[in-house]
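Structure, as structure tokens:
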Amino acid sequence: MAQQAVDPEFWHISDSNSIVWDVSSESWLPHGDNIEMSGSKVSGIIYYAVNEKRQLTVTRDLIFPQLRTYDRTNGVNWQQYRAYRRLTYSSEIEPTITDSLKTVVFDQVDSVRIAGKLIIYHTPVNHIVLTRTLFPSMTDRLFVEQWTLTNIGRDAKKLHIGNTTASTALPGYKGTYHNRVYSDAHDHISLTAGQSYRFGIYFVAAINDEPTDGFSHEAAEHERDAFLETMQESLVLETTNPVLDQLFYFSKIRAAESIFNSKMGLVHSPGGGNYYVGVWANDQVEYSGPFFPFLGYPKGSIAAENAYRMFLKHIPKGDKPIPYSFEIEGDIQSSNKDRGDAAMIAYGTSLYLLRMGDKKLAASLWPLIEWSLAYCHSKLDENGVVRSQTDEMEGRIATGNANLATSSLYYGGLKYATYVAQELGYKNVSNTYKRQQRELEKNIENHFGSAIEGLDTYRYFEGNDRLRHWICLPLVMGINTRAEATATALLDSMWTENGVLVEHQPGPQAHTVFWDRGTLYALRGTFKAGFFEKSLEKLAAYSRKRLLGDHVPYAIEAFPENNMRHLSAESALYCRIFLEGILGIEQTGFSSYNITPQLNEQLPRLTLKNIHLGHTTVSIALELIGDDQVNVKISTNGRLVVDTKQKNRRQVNFELK
């Protein structure tokens with residue numbers, strides 16, 4: 001009971017692929033949370049809070065990413081403020097509702113639902129129920145709040161709706177920026193018993209002569225629902241654990257919605273109130289890019305390709321590091337440090353190309369892989385591991401002159417580039433990469449292999465004496481020399497209720513600094529290395545907290561930095577736990593695959609439907625039989641490719657022509 005008081009579950013899984021917070025029976029008040037939702041020209045972070053009296057406050061933090069407010073030369077601290085038109089709206093824009101000249105105040109809440117939209121159900125007042133539904137337009141520079149008024153009494157109601165409106169205009173980098181809030185409610189409505197009336201409140205942004213009115217909340221909701229339906233039907237996870245299934249579905253939404261129009265074309269961006277219309281070597285190239293081919297969401301794969309092409313376009317001359325991000329529609333490059341980005345790019349691009357299975361696309365992006373691997377090779381030190389100034393933590397914590405993450409990612413880049421090179425007919429190059437991969441594996445063991453805090457795992461850099469979250473990366477890449485001690489370090493020594501710590505250390509900071517990306521990679525690695533029971537236990541606990549706990553419904557970036565924002569690529573990493581960890585999908589060519597099925601009594605069945613592998617859609621069904629046998633069925637277009645019963649954790653090879 002004491003543990004529950006510290007870490008309550010506010011939410012429960014409901015029907016229609018949703019979760020519900022039942023405020024009317026809630027003893028854990030006050031409580032508040034926030035959720036980010038995005039479309040191609042808008043992102044909204046909605047803050048909602050309920051006090052002890054069940055009274056609601058809502059704040060809408062709306063970002064219009066393409067409305068650049070300044071350039072880098074005018075003295076503004078662009079790193080702090082970024083460059084997006086951003087406005088915050090609270091209760092001042094909400095319309096008033098009067099019933100017989102008496103204002104009806106809908107302040108109390110009965111429940112809140114998350115279903116790809118945020119839906120708030122108010123407590124009835126004067127036999128009138130208000131339901132609010134908040135969601136972004138998927139195509140317009142528009143965020144919508146839809147109000148539905150329902151008469152639940154026996155008598156007819158005549159209501160007056162005070163129409164809300166607010167407008168601003170200011171000069172911006174692209175012209176005059178207009179922001180307008182308005183509703184399309186009728187001034188007076190009549191509701192018979194059981195009747196409902198629905199209207200929209202529109203939060204609009206426009207450049208110059210673009211329209212600021214005439215929008216339809218029904219049309220915008222239809223677009224959002226069509227997107228959600230696509231997410232429901234693509235890459236469907238079905239297990240015996242509804243928490244895993246639900247968070248997997250929500251993770252697809254968050255990973256796929258954060259795609260924006262830009263001068264670079266469609267681009268996937270992290271979000272989180274800071275990172276829009278830009279691409280990063282870690283978030284887009286390494287995290288989300290290799291996921292989108294599995295999802296089969298065309299906008300995702302196009303956005304990924306655009307990111308890779310942006311890096312290809314900016315390969316530097318000489319021995320300079322490649323820029324690690326292109327922000328503000330690509331106009332601002334970050335290249336002030338080498339974070340091991342070439343290794344990230346080699347790894348992520350190779351995986352993406354293998355999964356797309358398109359020889360022409362692979363040939364066009366091959367120079368990016370080739371340059372990235374050559375750059376890493378040029379940075380090998382006297383110990384045969386890769387030098388870099390830092391890692392993707394960007395100097396927040398010490399990394400020495402050569403860190404384990406950069407060398408592990410370089411290893412992964414060599415591994416998968418070998419297969420891409422074979423498909424392109426570059427036999428000698430493929431053989432060279434194989435040889436370099438074998439040498440690097442030895443060097444990783446010799447230089448980084450070490451006893452840390454009593455465990456025969458890895459030191460993160462020379463002189464490091466504390467466990468770090470990125471010691472998981474050798475496991476992710478298939479290096480299992482120190483797998484058992486590394487899994488123990490990650491799942492026992494470093495594990496907290498919020499997953500794996502960035503660094504295990506005594507003192508007041510011991511249980512405060514965590515970044516979900518480390519946890520998501522760690523679980524992928526420990527599953528892949530075969531530590532199924534403990535990994536499943538930790539995955540289930542982590543998933544319950546992120547789906548049903550105090551900050552839902554997605555994986556987060558970090559804490560205390562950015563206060564657990566819902567960055568998008570982390571949700572792609574969550575899905576990859578199941579694909580590359582539990583299922584163990586590996587490719588050895590554009591059409592050759594293997595999986596390593598693993599189940600137990602806690603997870604005796606797992607099905608993944610509509611996985612996009614190259615140009616083919618596949619379904620994989622696993623079922624535990626007895627103590628250690630798994631029934632494996634792989635089908636495509638109604639045709640069984642694999643139908644076998646075999647020992648748990650035994651590899652299954654198959655080809656899709």
>> Taking NZ in Lys633 as the centre, count heavy atoms belonging to other residues, nucleotides or ligands within less than 6.0 Å. Is the count above 12?
In response: no

>> Any salt bridge linking Glu580 with Lys528? Criterion: basic side-chain nitrogen under 4.0 Å from a carboxylate oxygen.
In response: no

>> Between Arg544 and Glu497 (salt bridge meaning N to carboxylate O under 4.0 Å), is one present in this structure?
In response: no

>> Applying side chain to side chain contact (heavy atoms under 4.5 Å, CB included) to His217 and Thr133, what does each step give before you reach the verdict?
In response: CA-CA 10 Å; His217 61 90; Thr133 305; over 6 Å; no

> Any salt bridge between Arg565 and Glu36, counting N to O under 4.0 Å?
Replying inline: no

> Is the shortest side-chain N to carboxylate O distance from Glu94 to Arg132 below 4.0 Å?
Replying inline: yes

> Looking only at heavy atoms, which two atoms of Thr230 and Tyr297 are closest? And how far apart?
Replying inline: CG2-CD1, 4.1 Å

> Hey, is Lys41 close enough to Asp140 for a salt bridge, meaning N to O under 4.0 Å?
Replying inline: no

>> I want to check something: taking the side chain as every heavy atom from C-beta on, are His566 and Ile45 in contact at a cut-off of under 4.5 Å?
In response: no

> Passes side chain to side chain contact (heavy atoms under 4.5 Å, CB included), Ile620 versus Ile611? Steps please.
Replying inline: CA-CA 8 Å; Ile620 300 176; Ile611 312 170; 3.8 Å; yes

> Do you know the tightest heavy-atom contact between Leu29 and Asn51?
Replying inline: CD1-O, 3.7 Å

>> Using every non-hydrogen atom in the two residues, find where Leu191 and Ser196 come nearest and quote the distance to one decimal.
In response: CD2-C, 3.8 Å

> Are the side chains of Tyr249 and Leu237 in touch, meaning some heavy atoms are under 4.5 Å apart?
Replying inline: no

>> Quick test of your reading of the model: are Asp99 and Lys158 salt-bridged, counting only N-O distances below 4.0 Å?
In response: no

>> Taking salt bridge (Lys or Arg N to Asp or Glu O under 4.0 Å) as the cut-off, I'd like each qualifying pair that reaches into residues 114-126, sequence neighbours left out, listed once.
In response: Lys117-Glu221, Lys117-Asp225

>> Minimum heavy-atom separation for Arg524 and Val476, please, with both atom names.
In response: NH1-CG1, 3.5 Å

>> Please determine whether a side-chain nitrogen of the Lys or Arg among Glu570 and Arg254 lies less than 4.0 Å from a carboxylate oxygen of the Asp or Glu.
In response: no

>> Could you check whether Arg54 pairs with Asp107 (Lys NZ or Arg NE/NH1/NH2 to Asp/Glu carboxylate O, under 4.0 Å)?
In response: no

>> Does Glu92, at its CD atom, have more than 12 non-hydrogen atoms belonging to other residues, nucleotides or ligands within less than 6.0 Å?
In response: yes

>> Could you check whether any side-chain heavy atom of His186 comes within less than 4.5 Å of a side-chain heavy atom of Tyr197, counting everything from C-beta outward?
In response: yes

> If we only count heavy atoms from C-beta on, is the Trp495 to Leu490 side-chain gap below 4.5 Å?
Replying inline: no

>> Heavy-atom count check: over 12 atoms from other residues, nucleotides or ligands less than 6.0 Å from Asp155 CG?
In response: no

> Any ion pair linking Arg113 and Asp15 (charged N to carboxylate O, less than 4.0 Å)?
Replying inline: yes

>> Within the 4.5 Å heavy-atom criterion, are Phe291 and Cys575 side-chain neighbours or not?
In response: yes

>> Ring-plane angle category for Phe10 and Trp21, please: parallel below 30°, perpendicular beyond 60°, tilted otherwise.
In response: perpendicular

> Below 4.0 angstrom, N of the basic side chain to O of the carboxylate: do Glu9 and Lys545 qualify?
Replying inline: no

> If you count the non-hydrogen atoms of other residues, nucleotides and ligands that lie under 6.0 Å from NE2 in His222, is the total more than 12?
Replying inline: no

> When you measure from the centre of the six-membered ring of Tyr84, is the NZ or CZ of Arg86 under 6.0 Å away and within 45° of the axis?
Replying inline: no

> Under 4.5 Å between any side-chain heavy atoms of Val500 and His469, yes or no?
Replying inline: yes

> Do other residues, nucleotides or ligands put more than 12 heavy atoms under 6.0 Å from the NE2 atom of His31?
Replying inline: yes

>> Side chains of Phe250 and Ile19, heavy atoms from C-beta outward: is any pair under 4.5 Å?
In response: yes

> Does the cation-pi check pass for Arg224 over Phe227, that is, NZ or CZ under 6.0 Å from the six-membered ring centre and within 45° of its axis?
Replying inline: no

> Taking the side chain as C-beta and beyond, is there a heavy-atom pair between Thr131 and Trp147 under 4.5 Å?
Replying inline: no

> Has Arg396 got more than 12 heavy atoms of other residues, nucleotides or ligands less than 6.0 Å from its CZ?
Replying inline: yes

> So, Arg198 and Glu218, do they make that salt bridge, N to O below 4.0 Å?
Replying inline: no

